Amino acid sequence: MDFSLFLPNMLSIWSKYWQLFLFTGLKNTLILTIISVALGTVLGTLIAMMKMSKLKAIRFIASVYIEVIRGTPILLQLYVFYFVLPNIFTFLKLSQFMWVSVSLCINSSAYVSEVIRSGIQAVDKGQTEAARSLGFSEGQTMLKIVLPQAVRNILPALGNEFIMMLKETSLASTFFLGDIMTSYLVVKGVSYLTLEPLTIVAIIYLCVTYPLSKLVEKFGKKMANPNSYRNRKLKAGGKI
Amino acid sequence: MEMIKTVDLHKSFGELKVLKGVNETIEKGEVVSVIGPSGGGKSTFLRCLNLLEKPEEGKIYFEGTEITGNLTKEEKHMIREGKLPKPAKVDIDIHRQKMGMVFQHFNVFPHLTVAKNITLAPMMLKGKSEAEATQMAKDLLNRVGLLDKYDEMPSNLSGGQKQRLAIIRALAMEPDVMLFDEPTSALDPEMVGEVLDVIKGLVSSGMTSVIVTHEMRFAREVSDRVLFMAEGNILEKGAPDQLFDHPTHPRLQDFLAKVL
Amino acid sequence: MKKFVSLLLAALMLASMMAGCGAKSDSAAKVKTVTPGTLTVATSPDFAPMEFVDPSKQGQDMYVGFDVTLAKHVAQSMGLQLVIMPMSFDACQTAVYAGTVDMSISGFSWTEDRAQNYNISDYYHAGDNEDEQVLITLASNGDKYATLDGLKGAKIGAQNASLQQSLVNEQLPDNDLTLFTDLGTAVLQLKNGDFDCIAVAKGNGDAIIANNPEIAMAGFNFVVDEKYTGNVVLLQKGADELTAAVNAALASSKDQWEVWYNEAKSISGIDQSYDDQGNVITG
């Protein structure tokens, strides 16, 4: 393969379409990711609580939800949400962008719920026992003792989920929703050049994911240090 | 006066029967040590007393109140026939406030400062003011020689210091009885002494205590009474001198021969 | 896996259509569309000059190309507002099947399978280009692949379920045929040496060559049977009224196709212009 044209082609595509890649593509990718992970976290917390419920029926519903979503390809889920559900829930006047967002959000919620659940369950059982033996109720124990400790297991994993989702949103390009991959399709569609715009896309993704994953790593290390409990409080100006 | 009384306590984990009808009464002010081989049911018995484990059968009376909610066959029958009123639901959280517990693995709260570890429960559960709770924390820390750790995080404490913190965390709730579940088993040998000293000081002040322990010399020294548990029941009990010097049950004789 | 997925999807579609049917039947006006008052058309705008995106425009205006102009005409002739729903080529067919859109106009060729599962419109011709089906190859190959003899043993690529696939099977049966789903990627594979030639419509070939100077016409033209010439509009099976309306719109616009096509070609070349041979004119 002749690579002599690669760099000139890439540069000319960049100079012509950089606004499309950054202002449209990157912007939409970030919007999609933030919506999916934010709503996914809210929904995921709910699912995690259901999964830990005392009622078998509720646990069962949560398990089915999680297994179905984690056990099927995300593209298939996207098809179902895009083509099937709007026909069933005809009263929901959601835009195409919203249906895809909902789909990604539900996908994210299944993964987040497992992150939250395992984060909570990773807290030593002795902590619960100690709190209950002092006379704290179940709810007080969860709120004051377990959750504050679970957060430091959960937050770094949530950061990773964000990075995962940032890449998963590229599937939105199936419906030309304007994310970075859509920018690629658009450029490819007129220029019939593939590798050049793809390289640009890869660089943009890396420019976002690499600093993010470094940030998560740093944050995770800090969280793993129990003294960080205190540092955080000091920074927040709280009393110790 | 009876502090804790158990009647025919049964507990199993799946197929495994751990407690097979334990009857025991612990008087107010009494210091009772529980010794015996591993898997004999000592810890489970102790954890049943504040319902960290729920016994399937049998009753536990704490200061005169039945706390398990378990009913005998006759009682169930009588309730069905209307001869006995349905018992009110027990709020175990209230009772647990009066039963301090100390764990093998300390279980101090790593996300709270030493002071907060102590003050959280009295402030949230007993409505103590911050000033009151803080003063109490300082007094207690001073008592166990940890006052200089007041602002530290637990991760900066040694094992022995953590266990001392766990003990005063329980004491801050001003309990009527203290339950110790092998409080020195997870400690490095050089730290056992400092924790035992604290417990000694505590029991000498008249605190009703039940202590599950492997420290035979300690059990003999501080206890009013010693229970020997094996095979899911109390096989022998009595004053420490009598039990250690003149064991009658062959299982106890065997056990002592191995550990002493 | 893929089969399982499509089966599952088909089952879901069926369920959704049953749910959708009841809602639709009561609005038995003249021609039913998915959204009353609008004509919803699926297209895969990564295929200049048939359908592509003009990045300088916003919203519905950014979808351009021959098929988009045609879709506008169809909508206009029915007195409806056009809404373009962009999606991948595969998804276009699913969208028609599921009833998410009224039709798909996306450079579809007629195939046996499509005729079985969908309503198919009459043919339309995007200029003269669809009539000519060619092979493209690396310019360095010269006229090596211009003849049947020269093509012996050559690896040939064609888009999955396309007209070109049928043509290769029919007219180059002894050659090693590899199917691809995306023409842009196939061009890359051609440069990479995975294929010796790619079978394309001449219009696409011209656009490819214009942007990739190292690629050229192989000099081989397929003999194109009459039933293959031109494109069709894909509609849901049984949507006969709508199909008739589309056919009427096609019949009434025949003389404008050439103009539309040239327009589309010039828009797709906004950034570059090329001469008759498809070479980029510089300066």
Side-chain angles (χ1 to χ4, degrees), chain A residues 1-6 8-9 12-13 15-21 23-25 68 72-73 75-91 93 96 99-100 171-178 181-198, chain C residues 1 5 8-9 12-13 15-17 19-20 23 34 44-49 51-56 62-63 65 85-88 90-91 94-95 97-100 138 140 182-193 204 207-215 267-272:
Chain A
M1 188 179 162
D2 180 12
F3 273 103
S4 62
L5 289 167
F6 180 78
N9 278 344
S12 88
I13 282 180
S15 64
K16 266 177 228 154
Y17 299 111
W18 65 275
Q19 285 173 311
L20 176 73
F21 281 115
F23 294 158
T24 312
V68 166
T72 53
L75 185 60
L76 181 138
Q77 292 163 22
L78 221 52
Y79 266 54
V80 169
F81 274 82
Y82 198 84
F83 292 126
V84 183
L85 297 193
N87 282 354
I88 297 173
F89 301 103
T90 43
F91 53 89
K93 297 284 175 231
Q96 260 67 43
W99 275 113
V100 169
L171 284 169
S173 67
T174 309
F175 304 109
F176 286 76
L177 285 185
M181 271 315 253
T182 306
S183 307
Y184 154 73
L185 289 176
V186 165
V187 172
K188 185 203 73 177
V190 271
S191 69
Y192 284 96
L193 290 173
T194 314
L195 211 52
E196 293 85 350
L198 269 184
Chain C
M1 180 61 204
V5 167
L8 190 64
L9 209 59
L12 284 163
M13 295 294 168
S16 81
M17 277 187 290
V34 174
S44 177
D46 54 355
F47 201 64
E51 48 269 323
F52 55 102
V53 171
D54 180 352
S56 65
M62 63 185 178
Y63 306 113
M85 268 174 87
M87 58 189 77
S88 71
D90 285 343
T94 315
Y97 194 86
T100 305
L138 292 179
S140 56
D182 176 78
L183 189 52
T185 317
V187 169
L188 186 65
Q189 284 177 287
L190 178 67
K191 292 186 199 172
N192 227 1
N204 295 128
I208 292 167
I209 290 166
N211 285 284
N212 299 275
E214 65 267 54
I215 294 175
I267 300 172
S268 76
I270 28 174
D271 307 307
Q272 276 164 333

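Here is the naming used below: chain letters follow the sequence lines, and residue numbers restart at 1 for every chain. Computed from a prediction, not measured in an experiment: that's the story for all the values here.
Taking the six-membered ring for Trp and thresholds of 30 and 60 degrees, A:F175 and A:F83 have ring planes more than 60 degrees apart, a perpendicular arrangement.
Ranked by heavy-atom pairs under 4.5 Å with chain A, the list C:S44, C:P45, C:G184 is led by C:P45. Heavy-atom pairs under 4.5 Å with chain C were tallied for A:V186, A:N9, A:T174, A:L20; the largest tally goes to A:T174.
Contacts between C:M85 and chain A at a heavy-atom distance below 4.5 Å involve the side chain alone, from C-beta outward. Using a 4.5 Å cut-off between heavy atoms, C:L138 makes no contact with chain A at all.
Of all non-hydrogen atoms in A:L185 and C:D46, the two that sit nearest each other are O-CB, 3.7 Å.
Of the possible polar contacts, one joining the A:Q77 side chain to the A:T72 backbone as a donor-acceptor pair under 3.5 Å is found. Judged by distance alone, with hydrogens and angles left aside, the side-chain atoms of A:N87 form a donor-acceptor pair with the main-chain N or O of C:A98 at under 3.5 Å.
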